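First the proteins, then the strands, lettered A, B, ... as listed; each starts at 1. If you're wondering where the values come from, they're calculated on a predicted model, not measured in any experiment.
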Amino acid sequence: MLNSTLIGALPCTLAAPPPPPKMEINSMPEALQLHAQTLKSGKTQQKSLTNIFTFSALSSNGDLTYARLILHSIPSPNSFHYNTMIRAYSRSPDPIKALHFFLYMARNSPTRPDKFTYPFVLKSCARLGLSHQGKQLHGLILKSSFCSDRYVQHSLIHMYCACEEVGHAYKVFDKMSERDVVSWTVMIDGLVDNDRPMEAIQLFEEMVEDRVEVNDVTVVSILRACAETGALSVGMRVHEVVKEQRIGLKAHVSTALIDMYVKCGCIESARRVFDEISVNKDVYSWTAMIAGLASHGKCEDAIDLFNQMQELSIKPDERTMTSVLSAYRNAGLVSEGYRFLKTMHKKYGVWPTIQHYGCVVDLLARAGHLSDAEELIKKMPIKPDGVLWRTLIWGCKVNKDMNRAERLIDHLKSLKMDSNDDCGNLVLIGNVYASAGKWLDKARTRELMNKRGLVKPPGASKIEIDGAVHEFIVGDSDHPEAEKIYAKLDEIEEKLREEKYQPKLHEVLLEVDDEEKAFQLSHHSEKLALAFGLIKTNPGTEIRIVKNLRSCEDCHAFMKVISKKYHRDIIMRDRIRFHHFSNGECSCKDYW
DNA sequence: CGTGAGCACT
């Protein structure tokens, strides 16, 4: 019979023996010391070696020298050991090494890859955009028994999307016999990343129809799609789902909600979400809100918020700095913005990047300080890119300094640019020549674009009506209700003539007569979207339009007049900011 | 041992 006092004194009951002591390792030197001791002890201690190895691999930040050393001392490494190495490399700053190690394993060890191996190697293909290698892995997987493993399939979909091979991703997705929340989410998110947000929303609707429960990750992905397209009612539905299903307002979720409301034009709703989340606010949510206020022209509020953030000792990052600078830019606060750039490292510990210089060059250039802007580009410690030169040249065009613009164009042409910049450069150059009336040079630019197979991206505007997003391309007649839309535009023009509205013909950069210019202007995508909005919504309701390019001067003036004549508030997002038109005025005060 | 996630410059 057992002595009951003895049992009472025991730390554990006899029925459940204590687990073996876990080896706690806290630092790399400690791991190495343990390693040495283990080797000296002479006994084959696979378990301790494995622990030491795992710790050193996963805490290595990419330098796996020690981990490899320790791995070599393990008598017969198994797939777990190899997978740990590959996992560590796939997360490291140099993920190609995961593939190298995978090949090393395949060639030099009897250990075969297993279902855990593939997600890691596929991840590094995804991070590197290596679709060729990804496809080869896919081939290996198909020959193995792991092709039906859910995790492997999800990794494949993600890899293909990250390599811009949406078609292949779809194939894997479609072939899956059972899809869970991750299968849908990874596909939806991949579509958003590949600039196909409308498809992402469609897939989300299918997912809901299939009664698959969404989770926080799905919500974040779909909110990104809503933000991109301006699909406010979908976004609001998702917000309801978040509330009902008590999907926690993790920082990811609240940031995505804030950004969705911001980009759909509802800055007040964004602010409400921001103010409601008391705990889970991190630097990302603050930055999203600051950037949102800046893009809506509420620049003072943006700066206020940045100062509040300082008081709470939340450390800003590079993007926060960009948001603050864009607030200065949109407000035209030249000296404040310039001073911020100059002192940001000293005050906030963030070194200016090319984006920050970009904001300030734009700020200076748009305000007409073209020499200062040029000087800043020349003196900055970072090599200027195509964006930066285009910003400055655009500033010259806005301020009608054609001599400087042409000089800078010659300079731009002499630079060896990334070929990705070709299209943007030539479009801008063509615009500058055209607005200077140099039609021959404009024609040559056009020629050059044709020769290189470059196509100017057409203006496109989106508007959401009854939960469906409609997209209009400039001059579009594909819409089922195109006739009604053009009739509405005729009616509008008639009204504007009564108002003695003068179309801004100089915005048409084609060598055509004025009648043709007026015709061109009247079919800009935002006007088509606006006409459709006027037809489809009740009098007095707001109209929201999302445009892909900068607003043209004529459309801007047009929207102002309509807002008064038709008693409609119009909220238009263009490539760089928001315009709230109300009673004949715009929130940007005509400075954009 | 593994799948998917938020904010920035033209």
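As judged by a 4.0 angstrom heavy-atom cut-off over every strand, A/R87 is placed among residues touching the sugar-phosphate backbone only. As judged by a 4.0 angstrom heavy-atom cut-off over every strand, A/D180 is placed among residues making no nucleic acid contact. Using a 4.0 Å heavy-atom distance criterion, A/I157 is classed as making no nucleic acid contact. Residue contacts shown for A/T84 are absent, as no nucleic acid heavy atom lies under 4.0 Å away. Looking at heavy-atom distances under 4.0 Å, A/V217 makes contact with a base. Heavy atoms of A/N83 sit under 4.0 angstrom from at least one base atom.
Out of B/dT3, B/dG6, B/dT10, the shortest distance to the side chain of A/P119 is found at B/dT3. Side-chain proximity of A/A288 to the nucleotides B/dC7, B/dC1, B/dC9 is greatest for B/dC7. Among B/dA8, B/dG6, B/dG2, the nucleotide with an atom closest to any side-chain atom of A/T322 is B/dA8. Of the candidate nucleotides B/dC9, B/dT3, B/dG4, B/dT3 has the atom nearest to the side chain of A/S155. Closest to the side chain of A/V220, out of B/dA5, B/dG4, B/dC7, is B/dA5. In this structure, the nucleotide among B/dA5, B/dT10, B/dC1 sitting nearest to the side chain of A/D114 is B/dC1. When the nucleotides B/dC7, B/dG4, B/dC1 are ranked by their closest atom to the side chain of A/V186, B/dG4 comes out on top. The side chain of A/H154 approaches B/dT3 more closely than any other nucleotide in the set B/dT3, B/dA5, B/dG4. When distances are taken from the side chain of A/I576 to each of B/dT10, B/dA8, B/dT3, the shortest belongs to B/dT10. Here B/dA8 is the nucleotide among B/dT10, B/dA8, B/dG2 with the atom lying nearest to any side-chain atom of A/K263.
The distance from atom CD1 of A/I247 to atom P of B/dG6 is 16 Å, rounded to the nearest whole Å. Whole-Å rounding puts the A/F120 CZ to B/dG2 P distance at 5 Å. Going from atom CZ of A/F53 over to atom C1' of B/dC1 covers 11 Å, rounded to whole Å. Residue A/H356 contributes atom NE2, which lies 13 Å from atom P of B/dT10 at whole-angstrom precision. B/dT10 atom P lies 20 Å from atom CG of A/L426, rounded to whole Å. The interatomic distance linking A/M85 (CE) with B/dG2 (C1') rounds to 18 Å, in whole Å. Residue A/L203 contributes atom CG, which lies 17 Å from atom P of B/dG4 at whole-angstrom precision. The separation between A/D216 atom CG and B/dA5 atom P is 12 Å, rounded to whole Å.
Stacking between A/Y151 and the base of B/dG2 is present: ring centres sit under 5.5 Å apart and the planes differ by under 30 degrees. The aromatic ring of A/H252 is stacked on the base of B/dA5, with the two ring centres less than 5.5 Å apart and the planes inclined by under 30°.
Below the 3.5 angstrom threshold, one finds a donor paired with an acceptor across the side chain of A/D282 and the base of B/dG6.
Considering only residues two or more places apart in sequence or on other chains, A/D149 meets the side chain to side chain donor-acceptor pair (under 3.5 Å) condition with none of them. Residues forming a ring-ring contact (aromatic ring centres under 6.0 Å, His included) with A/H158 (at least two apart in sequence, or on another chain): none.
The side chain of A/R329 places no N or O atom within less than 4.0 Å of a non-bridging phosphate oxygen (OP1 or OP2) of B/dC9. Between A/K281 and B/dG6 there is no side-chain polar atom (N or O) within less than 4.0 angstrom of OP1 or OP2. Phosphate contact (OP1/OP2 of B/dG4, side-chain N/O of A/K123, threshold under 4.0 Å): present. Contact annotation: A/R150 side-chain N/O to B/dT3 OP1/OP2 distance is not under 4.0 Å.
Using the six-membered ring where Trp is involved, A/Y328 and A/F340 have ring planes that are tilted, between 30° and 60° apart.
Relative to the six-membered ring of A/Y104, A/R68 meets both conditions, a distance below 6.0 Å and an angle of at most 45° to the axis.
In this structure, A/Y66 and A/S60 have side chains that are not in contact, with every pair of non-hydrogen atoms separated by 4.5 Å or more.
For the pairing with A/E526, the salt bridge (Lys or Arg N to Asp or Glu O under 4.0 Å) check across A/R575, A/R550, A/R573, A/K547 returns one residue only, A/K547. Only one option out of A/Y160, A/Y118, A/F146 pairs with A/H138 in a ring pair (Phe, Tyr, Trp, His ring centres under 6.0 Å); it is A/Y160.
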